[in-house]
Amino acid sequence: MAGLYVHVPFCAQACSYCDFHFTTRLDGRNRMVDAIVAEIKASMPAWSGHTFRTLYFGGGTPSILGAEAIGRIAETAFQSADWALEEWTVEANPEDLDAAGLKSLKDIGVTRLSVGIQSFDPVVLEWMRRIHSAETAESSIHRAAELGFEHISLDLMYGLPVGPENRWHSDLQRALALPADHLSCYILTAEPRTLYGHQLDKGQLTAPPDEQVVQEYQELCTATEAAGFEHYEVSNFARAGGRSRHNSAYWDGTPYLGVGPGAHSFNTPKRWWNARSNAAFLRASEQGNFGDQQSFELLSNADRFNEALITGLRRTEGVNPSALLEETGQDLLTQEGLEALIADGDCEWHQGRLRIPEPRWPMGDAITLKLMC
Ligand code: SF4
């Protein structure tokens, strides 16, 4: 079993908080598609014996490529490897999802859209430097559902330093009224080299207080539960059958190949990644050697144990200590601090697996750190 991730490093505009790898210079799109196609062809022979089940176009803004280029990349992947396709996701921004664009994505076989909405509030959208309006976002989701997309995910953000007081309540209500079966809700973090990071450094903005973030998280949990969503991972909520299979496979330790500049790949015990540079990636493609711009690391048993905790404890299923012991030789049950975490309510046993209770997920990183080796 395996997944394929395709990184599309283009965006129409740089959002104020984003440190993903992308460029707003769109003139290199055709060359980039050629290079990604070349990397798939060069990489797939090493993946013979794997059956790919999920395909995910992320970015950047994959929808900016249009369905023809996305279809060309996918077709190359389908012809170069063994597939039993269960899910094909394309990340999209609302402004790219007009009727013709949506129909083309449906026609090539895309099964799931992940739409970057972030907020419906005009003040917030302007501060974020998003291109779409609330109305564009809402109409694009209705249109996608009418055109037959069964799986639609919305990205939203909370813990913001701007916007009216009831902004999160209002955003949640508007999102939950849309025909989407999945929500990804992230706490905004200030990354260096972003406009938001710069505004904090210069004192032009103040980060929201912890109480605001906790209160918004609690409202998120309550509102999504009332609307019939399952909170299956710290940032992810799904209606029945709506969990992201591709992302769930990451958290399960399923091998995945990532192609495109900055994309990461994993096949235990090795992790490797392309340089975050479009120029280096295009040069590698011209030279027919993608390896020179890649870096890699070999994960020790302790690394794999720690990663399993980081990904597993963020999920409602938690981690299975016996499976972890078998895979990594590390015994979670003898980790110092486990008893205290359980006594304090930071961890709990559920059906033989250890997990962090939902109300404590926002503190999950600090809790997980206490169990890592
Ligand atoms: S948030 Fe999305 S659309 Fe905005 S700059 Fe980052 S990748 Fe591009």
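Indexing begins at 1, ligand by ligand and atom by atom, following the structure's order. The chain is numbered in sequence order, starting from 1. We use all heavy atoms of the structure for the numbers below, so side chains are in, but hydrogens, waters and symmetry mates are not.
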A.B. asks: Considering non-hydrogen atoms of the protein only, which is the closest contact for atom 1 (S) of ligand 1, and what is the distance?
C.D. replies: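 Residue, atom and distance for the closest contact: Tyr17 OH, 3.5 Å.
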A.B. asks: Could you tell me which atoms of ligand 1, counted from 1 in the order shown, lie closer than 4.0 angstrom to a heavy atom of Thr61?
C.D. replies: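 Answer, ordered by atom number: 3 (S), 8 (Fe).
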A.B. asks: Quick one: nearest non-hydrogen protein atom to atom 6 (Fe) of ligand 1, plus distance?
C.D. replies: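 For atom 6 (Fe) of ligand 1, the nearest protein heavy atom is Cys18 SG, 2.3 Å.
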A.B. asks: May I ask you to identify the nearest protein heavy atom to atom 3 (S) of ligand 1, giving residue, atom name and distance to one decimal place in Å?
C.D. replies: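 Going by distance alone, atom 3 (S) of ligand 1 is nearest to Asn93 ND2, 3.3 Å.
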A.B. asks: I'd like to know if Arg245 pairs up with Asp252 as an ion pair, taking the criterion as any Lys NZ or Arg NE/NH1/NH2 lying under 4.0 Å from an Asp or Glu carboxylate oxygen.
C.D. replies: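 No.
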A.B. asks: Only one of Glu39, His7, His21 passes side-chain hydrogen bond (donor to acceptor under 3.5 Å, both in side chains) with Asn274; say which it is.
C.D. replies: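 Single pass found, and it is Glu39.
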A.B. asks: Taking the six-membered ring for Trp, are Trp47 and Trp272 parallel (under 30°), tilted (30 to 60°) or perpendicular (over 60°)?
C.D. replies: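 Answer is tilted, since the angle falls between 30° and 60°.
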A.B. asks: In terms of side-chain geometry, is the basic nitrogen of Glu317 or Arg355 positioned less than 4.0 Å from the acidic oxygen of its partner?
C.D. replies: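 No, Glu317 and Arg355 are not salt-bridged.
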A.B. asks: Who's the nearest protein heavy-atom neighbour of atom 4 (Fe) of ligand 1, and how far?
C.D. replies: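 The protein heavy atom lying closest is Cys15 SG, 2.4 Å.
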A.B. asks: Salt bridge check: are Arg243 and Glu233 linked by an N-O gap of less than 4.0 Å?
C.D. replies: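 Salt bridge flag = no for Glu233 with Arg243.
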A.B. asks: Is atom 8 (Fe) of ligand 1 less than 2.8 Å from an N/O/S atom of Cys11, whether that atom is in the backbone or a side chain?
C.D. replies: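 It does; at least one qualifying atom falls short of 2.8 Å.
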A.B. asks: Could you find the nearest protein heavy atom to atom 7 (S) of ligand 1 and give me its residue, atom name and distance?
C.D. replies: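 Heavy-atom neighbour on the protein nearest atom 7 (S) of ligand 1: Gly60 N, 3.3 Å.
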A.B. asks: Looking only at protein heavy atoms, which one is nearest to atom 2 (Fe) of ligand 1, and what is the separation?
C.D. replies: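 Of every protein heavy atom, Arg130 NH1, 4.1 Å lies nearest to atom 2 (Fe) of ligand 1.
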A.B. asks: Is it the side chain (CB and beyond), the backbone, both or neither of Gln13 that lies under 4.0 Å from ligand 1, heavy atoms counted?
C.D. replies: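 For Gln13, only backbone atoms sit under 4.0 Å from ligand 1.
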A.B. asks: With ring centroids as reference points, do Tyr256 and Phe52 lie under 6.0 angstrom apart?
C.D. replies: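 Ring-ring flag for Tyr256/Phe52: false, centres at least 6.0 Å apart.
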A.B. asks: Which label fits Phe78 and Trp83: parallel for a plane angle under 30°, tilted from 30 to 60°, or perpendicular past 60°?
C.D. replies: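 Correct class here is perpendicular.
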